Participant: 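I'd like to ask you about the structure that follows.
Note that the coordinates shown come from a computational prediction; the quantities given were computed from them, not determined experimentally. Lettering follows sequence order; numbering is per chain, from 1.
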Amino acid sequence: MKWIIAIIQPHQLDPVREALTAINVHGMTVTEVKGFGRQKGHTEIYRGAEYLINYLPKVKIEVAVESTMADSVVETIRSSSATGKIGDGKIFVIDLESAMRIRTGETQADAL
Amino acid sequence: MKWIIAIIQPHQLDPVREALTAINVHGMTVTEVKGFGRQKGHTEIYRGAEYLINYLPKVKIEVAVESTMADSVVETIRSSSATGKIGDGKIFVIDLESAMRIRTGETQADAL
Amino acid sequence: MKWIIAIIQPHQLDPVREALTAINVHGMTVTEVKGFGRQKGHTEIYRGAEYLINYLPKVKIEVAVESTMADSVVETIRSSSATGKIGDGKIFVIDLESAMRIRTGETQADAL
Amino acid sequence: MVDAGDTAWILTSTALVLFMTLPGLALFYGGLVQSKNILSVLMHCTAIACLMSLLWLFGGYSLAFSEGTPVVGDLSKFLLMGVERETVFSGTGIPESLFFMFQMTFAIITPALIVGAYVERIKFAAVLLFSGLWLYIVYAPVTHWVWGGGWLGSMGVLDFAGGIVVHVTAGVSALVMAKMLGPRRGFPKAVRPPHAPWMVMVGAAMLWVGWFGFNAGSALSAGGDAGMAMLVTHISAATASLVWMVIEWVKYGKPSLVGIVTGTIAGLATITPASGYVGPLGGLALGLAGGLICYWAVELVKRRFGVDDSLDVLAVHGVGGATGTLLAAVFVVSSLGGVGLADGVSLGDQLVTQAIGVGAVALWSAVATFLILKLVQIVCGLRASDEDIIEGLDFTAHGEKGYNL
Amino acid sequence: MVDAGDTAWILTSTALVLFMTLPGLALFYGGLVQSKNILSVLMHCTAIACLMSLLWLFGGYSLAFSEGTPVVGDLSKFLLMGVERETVFSGTGIPESLFFMFQMTFAIITPALIVGAYVERIKFAAVLLFSGLWLYIVYAPVTHWVWGGGWLGSMGVLDFAGGIVVHVTAGVSALVMAKMLGPRRGFPKAVRPPHAPWMVMVGAAMLWVGWFGFNAGSALSAGGDAGMAMLVTHISAATASLVWMVIEWVKYGKPSLVGIVTGTIAGLATITPASGYVGPLGGLALGLAGGLICYWAVELVKRRFGVDDSLDVLAVHGVGGATGTLLAAVFVVSSLGGVGLADGVSLGDQLVTQAIGVGAVALWSAVATFLILKLVQIVCGLRASDEDIIEGLDFTAHGEKGYNL
Amino acid sequence: MVDAGDTAWILTSTALVLFMTLPGLALFYGGLVQSKNILSVLMHCTAIACLMSLLWLFGGYSLAFSEGTPVVGDLSKFLLMGVERETVFSGTGIPESLFFMFQMTFAIITPALIVGAYVERIKFAAVLLFSGLWLYIVYAPVTHWVWGGGWLGSMGVLDFAGGIVVHVTAGVSALVMAKMLGPRRGFPKAVRPPHAPWMVMVGAAMLWVGWFGFNAGSALSAGGDAGMAMLVTHISAATASLVWMVIEWVKYGKPSLVGIVTGTIAGLATITPASGYVGPLGGLALGLAGGLICYWAVELVKRRFGVDDSLDVLAVHGVGGATGTLLAAVFVVSSLGGVGLADGVSLGDQLVTQAIGVGAVALWSAVATFLILKLVQIVCGLRASDEDIIEGLDFTAHGEKGYNL
Ligand SMILES: Nc1ncnc2c1ncn2[C@@H]1O[C@H](COP(=O)(O)OP(=O)(O)O)[C@@H](O)[C@H]1O
Ligand SMILES: Nc1ncnc2c1ncn2[C@@H]1O[C@H](COP(=O)(O)OP(=O)(O)O)[C@@H](O)[C@H]1O
Ligand SMILES: Nc1ncnc2c1ncn2[C@@H]1O[C@H](COP(=O)(O)OP(=O)(O)O)[C@@H](O)[C@H]1O
């Protein structure tokens with residue numbers, strides 16, 4: 001199995017989720033994160049003083065999938081989240097040793 | 001060493017933490033996340049309009065442990081967080097290459 | 001490639017980020033988390049009643065780097081975040097199989 | 001002569017009505033939008049308050065309250081010319097400077113009510129341009145018609161504190177605005193729930209308290225009329241709140257906070273035109289009617305019409321104000337505890353007059369708003385870009401974030 | 001005859017006292033609970049305000065303020081029958097419609113105070129049923145006893161603005177409620193800290209400002225009595241706040257915001273019964289006493305008694321109100337700057353009268369609350385299910401979330 | 001004799017001015033700091049309010065308003081000795097107890113304004129010690145000079161509601177404080193943006209509404225003077241807000257909410273000294289001047305001087321108050337709609353008097369603040385430790401967190 005981590009633009013979450021559902025990936029876990037990268041932050045100006053906000057709000061998606069599906073999941077995330085603008089984000093893949101569904105105790109692929 | 005990731009119901013955090021303490025796992029890192037899975041979200045109704053909230057608040061626990069302890073930690077999390085209801089969550093295990101305690105520079109098992 | 005996870009004190013984020021920038025690591029993802037460990041929480045007192053807050057606010061940094069850089073990144077994080085006090089945090093390293101930049105589809109080291 | 005007691009109450013009422021907009025209405029509306037747009041809503045309310053104040057001085061007041069013709073006042077009181085420190089507003093015991101101020105707070109809140117129709121997607125420049133023109137073209141003339149010696153007042157229309165002048169004008173204009181601006185992204189399926197229901201309640205509570213100044217202040221004196229106006233206002237608000245709560249409880253099993261306070265506002269809007277004329281029974285009846293009818297109107301506009309009058313300005317204010325204006329003709333009769341119809345006027349007569357008032361003002365509001373918006377579209381555009389809307393108006397229009405926790 | 005000045009002040013006071021509950025008390029209590037229950041607290045306050053308003057019209061006012069017997073009024077003023085627009089409330093210069101309104105705001109806040117005892121675990125239906133019955137069975141009769149021509153008033157009990165009528169009734173009933181409902185999950189070891197101390201302070205500030213209407217408004221006129229009542233009210237609040245701050249500073253090294261504003265409320269509750277009778281010295285003394293005694297009472301109830309009167313209604317309001325009622329007998333004497341005891345009444349006599357007042361009302365409140373709650377338990381149940389409590393009342397009872405950031 | 005109408009208005013005004021500090025100013029300032037320091041700001045405002053209230057009773061009022069010498073009053077009214085319940089404040093129709101209260105709310109807000117200079121880094125003990133000494137050494141004497149029969153009042157200085165007494169004293173002292181305390185960590189490059197701009201606006205709105213009590217209340221009666229004072233106050237606030245908005249719009253392309261409401265406060269501070277003397281034209285002119293000059297002053301202090309007067313107390317209040325004080329001499333003339341200069345006084349004369357007033361008070365405020373702070377540094381230290389500052393004052397000084405969502 002693989003553990004896929006995608007950092008994307010917050011407003012691309014809905015399209016990505018819909019695209020994953022379409023290829024039958026229903027489970028995922030989402031976290032709000034702050035991203036630092038090539039895309040730069042912005043300044044806010046209050047009473048003449050500039051405040052530099054150097055991070056950007058991003059969303060992290062984590063999905064556990066069977067190894068055979070990994071490539072198609074990565075591709076689906078990419079195609080549904082790409083806008084072509086800097087800051088679109090990244091997709092990372094890590095090897096996943098085991099998975100278990102808490103409710104039933106099922107393990108591995110059955111647990112996903 | 002192993003990196004164990006558990007996605008559980010928010011109100012099961014305290015029981016899980018106590019159960020882990022009981023088997024001498026004291027360190028862990030917890031994140032508030034949004035879960036998508038079989039358990040469906042809910043609708044909120046405001047002024048006659050329905051708003052579909054399709055995610056559920058979950059809690060993610062991350063624990064680094066020695067490989068020998070991994071199974072018992074997984075089992076402890078499972079037993080202390082299972083309620084038998086859909087949405088109880090999952091436990092994932094990933095191989096962990098190295099660990100370091102920042103304060104002392106100790107590494108591997110000593111760092112946990 | 002390696003996936004480096006560091007749990008640090010919130011106010012050490014800026015120094016760490018600056019130190020990483022200095023060794024040419026520009027991308028990273030940051031999450032606010034709650035830490036449980038040796039460092040104990042605190043009590044707050046309201047109207048004579050004690051409330052035990054048993055977690056501590058921490059910041060989790062995740063950085064994907066080329067394998068060759070992993071050691072120096074770990075060392076940079078350590079040296080820039082250590083204050084020598086309990087609760088300074090940990091650094092974990094996991095093997096990273098693949099990476100992709102969403103915008104361009106570039107993969108592996110090019111994607112970082 | 002100036003009466004210190006009356007003046008004390010209207011000074012207070014003026015403060016209360018300003019409080020309704022700043023921060024009452026701002027919080028009420030602000031809590032209902034997404035967190036990325038809260039500041040823009042607060043900004044709309046603040047900027048409108050400031051701009052209307054100046055325009056009121058620069059002719060608005062004069063167009064409304066100087067003699068002029070039955071259709072509109074003249075500019076004789078532009079910049080308050082001729083109004084001295086000690087000038088008493090005729091027929092009252094309060095200084096004209098204070099009457100100007102009290103009425104100004106109405107001229108502030110009325111265009112601010114329309115904010116509810118265009119939140120989360122309008123250009124800021126359009127807000128200012130629209131509101132300014134609207135004050136001169138809709139609000140000031142209609143005020144003249146009803147309260148300033150104009151044709152509706154002469155016909156004997158009953159509108160104690162602004163059912164027509166405030167709520168019908170704002171409600172109808174809101175609908176036209178919503179239609180021309182287009183809906184929020186995702187409407188009606190995928191809009192996000194109110195980001196802070198607690199804030200909605202706080203705003204509603206401030207509106208409720210401030211409304212005592214609005215209605216009981218409209219007596220322009222501190223006596224039995226003000227006391228009874230406060231009483232019926234309160235009873236109507238309480239009744240409509242409970243009606244809304246019960247409907248939701250029955251329908252969905254869960255009465256919501258946003259629901260009950262929406263009922264409050266419906267009850268307040270409904271009693272407004274009648275508040276100086278009816279007794280406790282009228283308060284109950286109008287609260288009941290306001291709660292029921294506005295609830296139904298909310299569903300009607302959003303579901304049937306499919307118009308994204310986002311925060312229900314027409315359904316709550318417009319429909320409430322119209323309902324109250326019509327029912328005022330009924331509950332003004334003495335046998336129902338009211339002050340009685342004018343000599344020689346039958347209930348039917350009065351009802352017709354009320355209907356003419358509502359109809360004429362609704363029509364004028366709709367037409368004028370349409371034309372103003374056409375102009376605004378040409379001058380500066382109306383709708384923000386999709387990109388700005390997605391990122392949120394707080395940052396794209398005002399360069400700030402609402403919450404940095 | 002209606003006096004415009006007096007009327008202006010009581011119109012204002014009515015607005016101020018409504019503001020105390022909506023949104024003052026709602027925010028004060030709302031900030032003290034967990035974020036998953038904030039809306040339920042706001043909902044309790046809002047729904048109670050609406051329901052009590054109607055019940056006050058439907059007989060509540062009449063039971064309290066019509067002649068009837070020494071024990072309870074009759075229904076002659078049901079629906080305000082016989083009260084005309086110009087009817088003056090006897091012995092005052094204000095219209096009776098306004099007196100009705102002013103007193104109604106007291107009838108709203110008193111059951112709303114009890115919310116503090118049952119937050120985070122009660123069924124919403126139980127809130128409504130309990131509060132409604134309580135108004136008729138506890139509040140209205142006790143008001144009659146003290147202010148409406150009943151037996152305590154005839155005995156000469158001193159309760160200017162509601163130490164007995166408001167604070168003792170609410171405080172004692174809160175304790176019985178807390179005991180019968182059972183504690184919050186995790187009490188006393190593992191309850192969560194207040195989710196928004198800033199909100200607690202904002203609510204307390206609004207209560208403070210609104211309390212000027214409560215106490216100085218109880219003079220029912222705008223003159224020296226109102227001025228002095230406002231003064232002693234303020235001094236007591238300030239003193240008790242500082243007392244609380246100093247205690248925490250000495251004891252824990254850190255004076256907290258929640259602490260200082262709890263002291264404020266304690267000082268305000270304590271001065272309430274005495275506020276029309278004492279001078280600056282009395283204000284200081286009652287603030288000092290209120291701060292010290294209420295602080296100690298908070299610890300007593302929660303730690304010794306182990307009763308989860310969650311937001312300390314008994315300890316702050318009940319004990320404060322009782323302390324002030326007793327001390328009123330002392331600081332009313334002219335040598336301490338008060339208005340003086342009635343002719344032929346000694347300090348000892350007065351103290352006994354005050355104690356009887358407090359005791360009788362406490363007893364009646366306890367017994368009646370117990371019986372009402374037994375009934376409520378049968379009719380609709382009192383405590384929400386554990387599952388609902390864990391998920392939070394905001395969502396399970398009202399279908400909403402407080403914060404969608 | 002006590003006039004009920006005048007008394008009603010000043011009772012209300014007192015409530016409004018207290019509301020300005022609690023919670024108005026507290027929220028205005030609280031929203032501007034980081035989320036880890038919000039409670040400390042609220043605590044500063046609350047504790048100052050309580051402490052100043054007691055000190056006002058313990059001699060503060062007496063030093064300001066008893067006869068004494070031209071330089072300072074005496075202690076004849078310590079603890080309000082000799083002031084009876086029915087004592088009328090001479091030259092007015094209100095009880096002296098109420099005058100004491102009304103003035104007390106000024107004595108509360110003035111030191112509370114200085115909070116803006118020392119947020120996020122001061123020791124809590126230092127706040128109390130400084131504010132207490134400052135009340136006796138700066139505020140009470142200066143009040144005596146201007147309003148209490150002292151030398152500036154005798155010279156004929158015009159300061160209707162506190163341009164000099166409140167805003168110049170607070171503004172200048174704030175600068176000295178900021179300089180001696182040192183800047184916030186990271187100033188000027190890396191300070192964090194306001195944590196809750198919405199809260200800033202809510203606070204500003206409350207200040208605006210409350211300011212009606214501040215300025216129109218300073219008429220001490222309910223008539224034409226109060227009406228006109230309210231009017232010019234409002235017009236100035238609205239104008240300065242729009243000025244600030246336009247400057248930001250032109251300069252940065254985005255008018256901000258924090259900006260527009262900062263303009264509001266600048267406009268309010270500027271009109272304050274002139275509010276009882278000028279007409280609508282004066283309101284416009286002072287708003288315009290206040291907006292422009294304060295905007296420029298903000299940049300001057302922070303960028304040029306490099307002093308971290310964190311929330312711009314000098315630039316907004318001090319500079320605004322001084323500007324208004326000087327311009328009062330111009331717009332008081334009858335041809336510009338004012339009440340006219342005193343007989344035999346030329347515009348030039350008056351301008352000199354005004355300048356002397358501003359200059360003398362600024363000097364005294366600066367010197368005295370410097371000396372007080374030297375003492376505070378010795379007694380308890382001024383600046384919190386770096387560790388405490390990093391962790392945030394909410395937890396390190398008060399043991400609480402602002403948000404537990
Ligand atoms: N090396 C990295 N490790 C972890 N997260 C990264 C890394 N580089 C970038 N990110 C995340 O991806 C986001 C987008 O990266 P950025 O460099 O701004 O644009 P792009 O993905 O278009 O190259 C960042 O905001 C950050 O959250
Ligand atoms: N494939 C997955 N990858 C990552 N997280 C998942 C995955 N499937 C489920 N989850 C997480 O586990 C939670 C529970 O899953 P769900 O399918 O609702 O119930 P259950 O665990 O009982 O089967 C989800 O809300 C989500 O956070
Ligand atoms: N085994 C672990 N797995 C995951 N995170 C851990 C683990 N142990 C500690 N942590 C994280 O590191 C933080 C610091 O650990 P702690 O034991 O308090 O101090 P120190 O790092 O100085 O030994 C914790 O708050 C927690 O977030």
Side-chain angles (χ1 to χ4, degrees), chain D residues 2-12 14-16 18-19 21-24 26-27 30 38-40 42-43 45-47 49-54 57 79-80 83-88 94-101 104 124 199 222 394-405, chain F residues 3-9 12-13 16 34-35 93 192-198 201-202 204-206 208-210 212-213 216 221-228 230-231 234-235 237-239 241-242 245 248 252-261 263-264 279-281 283-284 339 403 405:
Chain D
V2 167
D3 178 282
D6 292 346
T7 301
W9 173 232
I10 306 309
L11 286 163
T12 306
T14 303
L16 285 171
L18 181 61
F19 188 57
T21 307
L22 300 178
L27 290 173
I38 171 163
L39 301 185
S40 70
L42 271 47
M43 187 78 185
C45 292
T46 307
C50 296
L51 187 61
M52 296 311 110
S53 302
L54 292 199
L57 186 62
L79 266 177
L80 277 180
V83 176
E84 299 296 318
R85 191 165 277 265
E86 299 304 334
T87 310
V88 175
I94 66 170
E96 183 158 355
S97 60
L98 179 55
F99 181 75
F100 168 91
M101 280 299 291
M104 184 186 70
F124 182 56
M199 193 183 269
D394 288 0
F395 185 66
T396 56
H398 308 294
E400 303 166 289
K401 303 260 163 157
Y403 300 89
N404 296 306
L405 297 182
Chain F
D3 179 283
D6 292 346
T7 301
W9 173 233
T12 306
S13 294
L16 285 171
Q34 293 182 55
S35 62
R192 301 281 310 276
H195 93 281
W198 70 267
M201 180 271 174
V202 172
M206 291 173 170
W208 191 341
V209 171
F212 285 174
S221 65
D225 284 343
M228 190 57 86
M230 186 179 267
L231 189 153
H234 187 89
I235 292 297
T239 307
S241 304
L242 293 176
M245 181 183 89
E248 285 196 347
Y252 306 113
K254 294 181 179 183
S256 74
L257 181 66
V258 167
I260 196 172
V261 302
T264 309
L281 208 71
L284 276 172
V339 295
Y403 300 89
L405 296 183

Participant: Of the backbone (N, CA, C, O) and the side chain (C-beta and beyond), which part of D/Phe100 lies under 4.5 Å from a heavy atom of chain F, both, or neither?
Facilitator: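 Answer is side chain: those atoms of D/Phe100 sit under 4.5 Å from chain F.
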Participant: Flag the one option from D/Leu11, D/Thr7, D/Leu42 with the top tally of heavy-atom pairs under 4.5 Å to chain F.
Facilitator: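 Among D/Leu11, D/Thr7, D/Leu42, the one with the most close pairs to chain F is D/Leu11.
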Participant: Which region of D/Leu57, side chain (C-beta onward) or backbone (N, CA, C, O), has a non-hydrogen atom less than 4.5 Å from a non-hydrogen atom of chain F, or is it both or neither?
Facilitator: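 Contact with chain F involves the side chain of D/Leu57 alone.
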Participant: Does any heavy atom of chain D fall under 4.5 Å from the side chain of F/Met228, the backbone, both, or neither of them?
Facilitator: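 For F/Met228, backbone and side chain are both near chain D.
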Participant: Hey, which of D/Thr46, D/Asp3, D/Thr14, D/Ile38 has the most heavy atom pairs under 4.5 Å with chain F?
Facilitator: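 It is D/Thr46.
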Participant: With a 4.5 angstrom heavy-atom cut-off, which part of D/Met101 approaches chain F: side chain, backbone, both or neither?
Facilitator: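 Just its side chain gets close to chain F.
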Participant: Could you pull out the closest heavy-atom pair between F/Ala222 and D/Ala8, with the gap in Å?
Facilitator: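 Looking at all heavy atoms of both residues, the closest pair is CB-N, 3.8 Å.
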Participant: Quick check on F/Ile260 against chain D: is it the side chain, the backbone, both or neither that has a heavy atom closer than 4.5 Å?
Facilitator: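 Just its side chain gets close to chain D.
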Participant: When only pairs under 4.5 Å are counted, which of F/Leu231, F/Val202, F/Leu405 shares the most heavy-atom pairs with chain D?
Facilitator: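 Winner by heavy-atom pair count: F/Leu231.
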Participant: With a 4.5 angstrom heavy-atom cut-off, could you sort out which part of D/Leu51 is near chain F: side chain, backbone, both or neither?
Facilitator: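 Both backbone and side chain.
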Participant: State whether the side chain of D/Asn404 and the backbone N or O of F/Pro194 hold a donor-acceptor pair below 3.5 Å, judged by distance alone.
Facilitator: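 Judged by distance alone, yes, a pair lies under 3.5 Å.
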Participant: Any idea which of D/Val2, D/Leu98, D/Leu39 has the most non-hydrogen atom pairs under 4.5 angstrom with chain F?
Facilitator: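 Among the listed options, the one with the most contacts to chain F is D/Leu39.
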Participant: With a 4.5 Å cut-off on heavy-atom pairs, point out which of D/Ser40, D/Gly399, D/Ala49 contacts chain F the most.
Facilitator: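 The answer is D/Gly399.
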Participant: Rounded to the nearest 0.5 Å, how far apart are CG of D/Asp394 and CH2 of F/Trp198?
Facilitator: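 Separation between the atoms: 13.5 Å.
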Participant: Pick whichever of F/Leu281, F/Leu257, F/Val209, F/Leu242 has the most heavy-atom pairs under 4.5 Å with chain D.
Facilitator: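 The answer is F/Leu257.
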Participant: Which bit of D/Thr396 is near chain F, if near means a heavy-atom gap under 4.5 Å: side chain, backbone, both or neither?
Facilitator: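 Answer is backbone: N, CA, C or O of D/Thr396 sit under 4.5 Å from chain F.
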Participant: What part of D/Leu80 gets closer than 4.5 Å to chain F, counting heavy atoms only: side chain, backbone, both or neither?
Facilitator: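 Looking at D/Leu80, just its side chain touches chain F.
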Participant: Chain F heavy atoms under 4.5 Å from D/Ala26: which part of the residue, side chain, backbone, both or neither?
Facilitator: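 When you check distances to chain F, only side chain atoms of D/Ala26 fall under 4.5 Å.
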Participant: So which part of D/Met52 gets closer than 4.5 Å to some heavy atom of chain F, the side chain, the backbone, both or neither?
Facilitator: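 Neither part.
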Participant: Picking from F/Arg192, F/Met201, F/Glu248, F/Gln34, which has the most non-hydrogen pairs under 4.5 angstrom with chain D?
Facilitator: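 It is F/Met201.
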Participant: Mind ranking D/Ser97, D/Cys45, D/Pro95 by heavy-atom pairs under 4.5 Å with chain F and telling me who comes out on top?
Facilitator: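 The option with the most such pairs is D/Ser97.
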Participant: Side-chain contact, heavy-atom cut-off 4.5 Å: D/His398 with F/Val258?
Facilitator: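 No, every pair of side-chain atoms sits at 4.5 Å or beyond.
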Participant: Measure F/Ala196 against the heavy atoms of chain D and call it side chain, backbone, both or neither at under 4.5 Å.
Facilitator: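 Both parts, backbone and side chain.
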Participant: With only heavy atoms counted, which part of F/Met230 is less than 4.5 Å from chain D, the side chain, the backbone, both or neither?
Facilitator: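 Contact with chain D: backbone and side chain both.
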Participant: Closer than 3.5 angstrom, by distance alone: can the side chain of F/Lys254 be matched with the main-chain N or O of D/Phe395 as a donor-acceptor pair?
Facilitator: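 Side chain of F/Lys254 to backbone of D/Phe395: a pair is present.
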Participant: As a quick check of understanding, evaluate side chain to side chain contact (heavy atoms under 4.5 Å, CB included) for D/Leu22 and F/Met206, giving each step before the final call.
Facilitator: CA-CA 7 Å; D/Leu22 300 178; F/Met206 291 173 170; over 6 Å; no
Participant: Heavy atoms only: give me the nearest F/Asp225-D/Arg85 pair and the separation to one decimal.
Facilitator: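 That closest heavy-atom pairing would be OD1-NH1, 3.1 Å.
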Participant: Who wins among D/Gly30, D/Ser53, D/Gly24 for the most heavy-atom pairs under 4.5 Å with chain F?
Facilitator: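 Heavy-atom pair counts peak at D/Ser53.
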Participant: If you take all heavy atoms of D/Ala47 and F/Met245, which pair is closest and at what distance?
Facilitator: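 So the two residues come closest at CB-SD, 4.2 Å.
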Participant: Shortest non-hydrogen contact from D/Ala397 to F/Pro255?
Facilitator: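 Where D/Ala397 meets F/Pro255 most closely, the heavy atoms are O-CD, 3.7 Å.
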Participant: Stepwise, does the side chain to side chain contact (heavy atoms under 4.5 Å, CB included) test hold for D/Thr12 with F/Leu16?
Facilitator: CA-CA 9 Å; D/Thr12 306; F/Leu16 285 171; over 6 Å; no
